[in-house]
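Working notes for the structure below.
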Number of protein chains: 2
Amino acid sequence: MLTNPPPRPSAHLWCHACPLRQKQAFHPKSAEEVDFLAEMKMDHRRIAAGQEIIFPGQADAELFTLFSGWAFRYKVLADGRRQILNFLLPGDLMGLQASLLSVAQHGIEALTDVEVCVFPRRKVWDLFVKMPQLAYEVAWLGSREESLIDENLLSIGQRNATERIASLVISLYRRAEALGLVNDRSFVFPLSQQQLADALGLSLVHTNKTWAKLRRAGLFSFAQGRLTLENPRLTERIAAQYERDFAQRPLL
Amino acid sequence: MLTNPPPRPSAHLWCHACPLRQKQAFHPKSAEEVDFLAEMKMDHRRIAAGQEIIFPGQADAELFTLFSGWAFRYKVLADGRRQILNFLLPGDLMGLQASLLSVAQHGIEALTDVEVCVFPRRKVWDLFVKMPQLAYEVAWLGSREESLIDENLLSIGQRNATERIASLVISLYRRAEALGLVNDRSFVFPLSQQQLADALGLSLVHTNKTWAKLRRAGLFSFAQGRLTLENPRLTERIAAQYERDFAQRPLL
DNA sequence: CGTCACATTGACAGGCTTCAAACTGAGTGG
DNA sequence: CCACTCAGTTTGAAGCCTGTCAATGTGACG
């Protein structure tokens with residue numbers, strides 16, 4: 001079930017009219033750059049929620065841009081304990097680390113049904129030779145992902161359960177907002193509590209209790225898979241997180 | 001005290017005879033590539049232990065290669081809690097994230113006295129245009145750092161105190177070993193227990209007690225600033241960490 | 001109406017943090 | 001040469017935050 005050719009004209013034509021690229025969150029690109037990417041793009045796949053996009057240890061993983069839906073990167077220990085490293089939202093690059101290091105030290109799983117743009121990893125080197133501007137943007141996106149992970153590491157290493165949840169909620173809220181996915185302080189929040197727990201480094205039970213405590217405290221509410229930030233100020237204060245996301249970023 | 005011109009011929013000449021580059025840990029480079037780097041290198045600085053190499057929030061941080069000594073990346077919360085994100089050993093790139101994102105979302109501090117090679121950040125773009133091979137290696141090093149952080153995040157999120165310490169010790173041991181810094185299972189281990197605690201996401205007291213427990217258990221010993229891995233097998237088993245570092249990697 | 005995944009709640013145990021104090025070794029000045 | 005200081009290390013005790021175990025509730029689905 002990993003691939004399902006979409007009912008669209010051709011991948012090449014599709015890139016030039018990419019609706020994601022219209023969003024303010026992304027830098028505009030020159031026609032030449034879009035041409036190159038459209039040429040490089042080898043597929044547009046749909047992947048169902050819960051399916052792997054990249055398997056841990058996979059050696060030939062391609063490079064992806066998440067086109068729609070949510071995904072997450074994770075690592076597991078031998079005994080099954082799982083850590084979710086970070087969440088991926090539309091426009092995020094996936095598989096860069098695996099492409100460059102030639103092996104995936106992590107897995108990537110679709111959190112919701114997703115669509116992805118597929119770029120062959122063997123052409124990444126081409127991109128560095130022919131399109132230095134795009135190569136620079138690839139490196140930029142890699143650094144941005146590292147910055148997000150740094151923040152998660154700070155959270156899990158130093159913040160208590162309450163602060164971690166507030167921090168994660170704020171962070172996802174801001175990223176969704178940048179993509180225009182927030183309406184009236186409310187956005188689709190597709191994580192199960194088990195996934196929340198695995199991302200926060202907490203047990204399921206404690207995650208549930210702290211999550212409930214924060215809802216009762218009026219920080220946010222959750223219903224029908226949508227989260228509403230009722231009290232952004234207080235949530236930010238508890239999270240003690242002041243970093244803003246970047247105004248604009250590259251999109252491959 | 002940040003800079004101290006070393007008593008060496010010229011930075012340019014120095015690169016071609018770089019002793020670090022001789023090590024097996026690093027890919028060989030073409031003469032043309034070394035020429036480019038020697039030309040790009042703007043300084044060779046000594047920085048004393050405890051001094052900042054990059055300040056949190058700094059906007060104009062240059063790009064560095066750690067030439068000798070140890071350093072670490074960190075983030076702090078408003079109330080002073082500090083998380084050490086990862087440790088940097090000779091050959092590691094520093095400031096890539098800050099150079100690309102134009103602002104340092106983290107700090108970098110010298111753990112021991114260090115020497116660093118300084119490359120101007122305004123020439124990073126040059127490197128992407130003129131030397132795609134080097135640009136690719138820069139991106140590769142960025143991905144490797146992300147991979148190290150992923151492992152730390154897994155550790156802090158999922159492993160208990162005992163496992164975290166075993167994991168950190170093994171990881172640093174392997175990296176030191178790759179650089180030829182290990183003799184007879186023993187290597188310089190310059191971390192204070194407070195720094196250990198900040199890297200592990202544990203309190204100082206609990207770090208001390210667990211550290212002592214593992215020494216008594218015969219995993220490793222520590223004296224005169226040197227750590228000796230007495231029982232690598234057992235340490236690896238407790239760490240439940242099976243990832244190997246890469247055989248070779250780029251050096252700028 | 002049973003099944004199944006997921007969410008919720010209660011009780012209890014324990015790993016870890018906090019507080020506090022003593023110890024150690026290196027550097028310093030009398 | 002010996003107090004003295006100071007940073008870092010070590011140890012003990014008490015308590016809480018978080019994990020584990022166990023059971024119940026809930027909504028979607030066939």
Side-chain angles (χ1 to χ4, degrees), chain A residues 48-51 77 79-84 109 111-113 155-169 188-217 220-227 238, chain B residues 48-51 70 72 77 79-84 109-113 155-168 188-217 220-227 238:
Chain A
Q51 298 297 306
L77 291 173
D79 61 7
R81 284 176 286 179
R82 177 176 76 167
Q83 178 64 39
I84 290 182
E109 183 179 319
L111 180 59
T112 65
D113 291 347
S155 239
I156 295 182
Q158 302 300 326
R159 292 195 244 247
N160 64 27
T162 305
E163 295 167 332
R164 285 185 216 180
I165 290 183
S167 183
L168 180 61
V169 166
V188 172
F189 192 88
L191 312 203
S192 73
Q193 297 200 351
Q194 183 62 66
Q195 288 161 342
L196 257 178
D198 287 347
L200 296 167
L202 296 170
S203 70
L204 173 60
V205 174
H206 195 62
T207 299
N208 176 283
K209 287 173 179 168
T210 309
W211 180 258
K213 186 186 80 175
L214 291 188
R215 275 184 295 155
R216 279 196 299 271
F220 52 81
S221 57
F222 180 77
Q224 278 95 46
R226 294 186 67 87
L227 187 147
I238 290 176
Chain B
Q51 298 297 306
W70 291 34
F72 60 84
L77 291 174
D79 61 7
R81 284 176 286 177
R82 176 176 76 167
Q83 178 64 40
I84 291 183
E109 182 179 320
L111 180 58
T112 65
D113 291 347
S155 240
I156 294 182
Q158 302 299 326
R159 291 195 246 247
N160 64 26
T162 304
E163 295 167 331
R164 284 185 217 181
I165 289 182
S167 183
L168 179 62
V188 172
F189 192 88
L191 311 203
S192 72
Q193 297 200 351
Q194 182 63 65
Q195 288 161 342
L196 258 178
D198 288 347
L200 297 167
L202 296 170
S203 70
L204 173 58
V205 173
H206 196 62
T207 298
N208 175 283
K209 286 174 180 168
T210 309
W211 181 258
K213 186 186 79 175
L214 292 189
R215 276 184 295 155
R216 279 195 301 271
F220 52 81
S221 58
F222 180 76
Q224 277 96 45
R226 293 184 70 87
L227 188 147
I238 290 177

Find the distance [X]:[atom1] to [N]:[atom2] and express it as a whole number of Å.
X: A/Gln224; N: D/dA28; atom1: CD; atom2: C1'; value: 14 Å
X: A/Lys209; N: D/dC16; atom1: NZ; atom2: P; value: 17 Å
X: B/Trp211; N: D/dG8; atom1: CH2; atom2: C1'; value: 14 Å
X: A/Gln194; N: D/dG19; atom1: CD; atom2: C1'; value: 13 Å
X: B/Lys213; N: D/dT10; atom1: NZ; atom2: P; value: 16 Å
X: A/Leu204; N: D/dC17; atom1: CG; atom2: C1'; value: 17 Å
X: A/Gln193; N: D/dG27; atom1: CD; atom2: P; value: 14 Å
X: B/His206; N: C/dG15; atom1: NE2; atom2: C1'; value: 6 Å

Considering the options B/Arg81, B/Gln83, B/Arg82, which one meets the side chain to side chain donor-acceptor pair (under 3.5 Å) requirement together with A/Gln158?
->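 Among the candidates, only B/Gln83 passes.
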
Side-chain (B/Gln51) to main-chain (B/Ala48) donor-acceptor, under 3.5 angstrom | no

Of all the nucleotides listed (C/dC16, D/dT10, D/dG19), which has the minimum atom distance to the side chain of B/Asn208?
->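 That would be D/dT10.
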
Which nucleotide in the set C/dC16, D/dT20, D/dT18 lies at the smallest distance from any side-chain heavy atom of A/Val205?
->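 Shortest atom-to-atom distance from the side chain points to D/dT20.
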
Could you tell me whether [X] contacts a base, only the sugar-phosphate backbone, or nothing, with contacts defined as non-hydrogen atoms closer than 4.0 Å?
X: B/Ser192; answer: sugar-phosphate
X: A/Arg215; answer: sugar-phosphate
X: A/Gly201; answer: sugar-phosphate

Kindly give the heavy-atom pair with the smallest separation between B/Thr112 and B/Trp70, and that separation in Å.
->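 Scanning both residues completely, I find the closest heavy atoms to be OG1-N, 3.0 Å.
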
On a heavy-atom basis, the closest approach of A/Arg159 and A/Ser167 is NH2-OG, 3.4 Å

Distance, nearest 0.5 Å, that separates CG of B/Asn160 from OG1 of B/Thr210 =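 If we round to the nearest 0.5 Å, B/Asn160:CG and B/Thr210:OG1 are 8.5 Å apart.
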
Mapping B/Ala212 and A/Thr210 onto DNA chain D by nearest heavy atom, which one lands closer to the 5' end?
-> B/Ala212

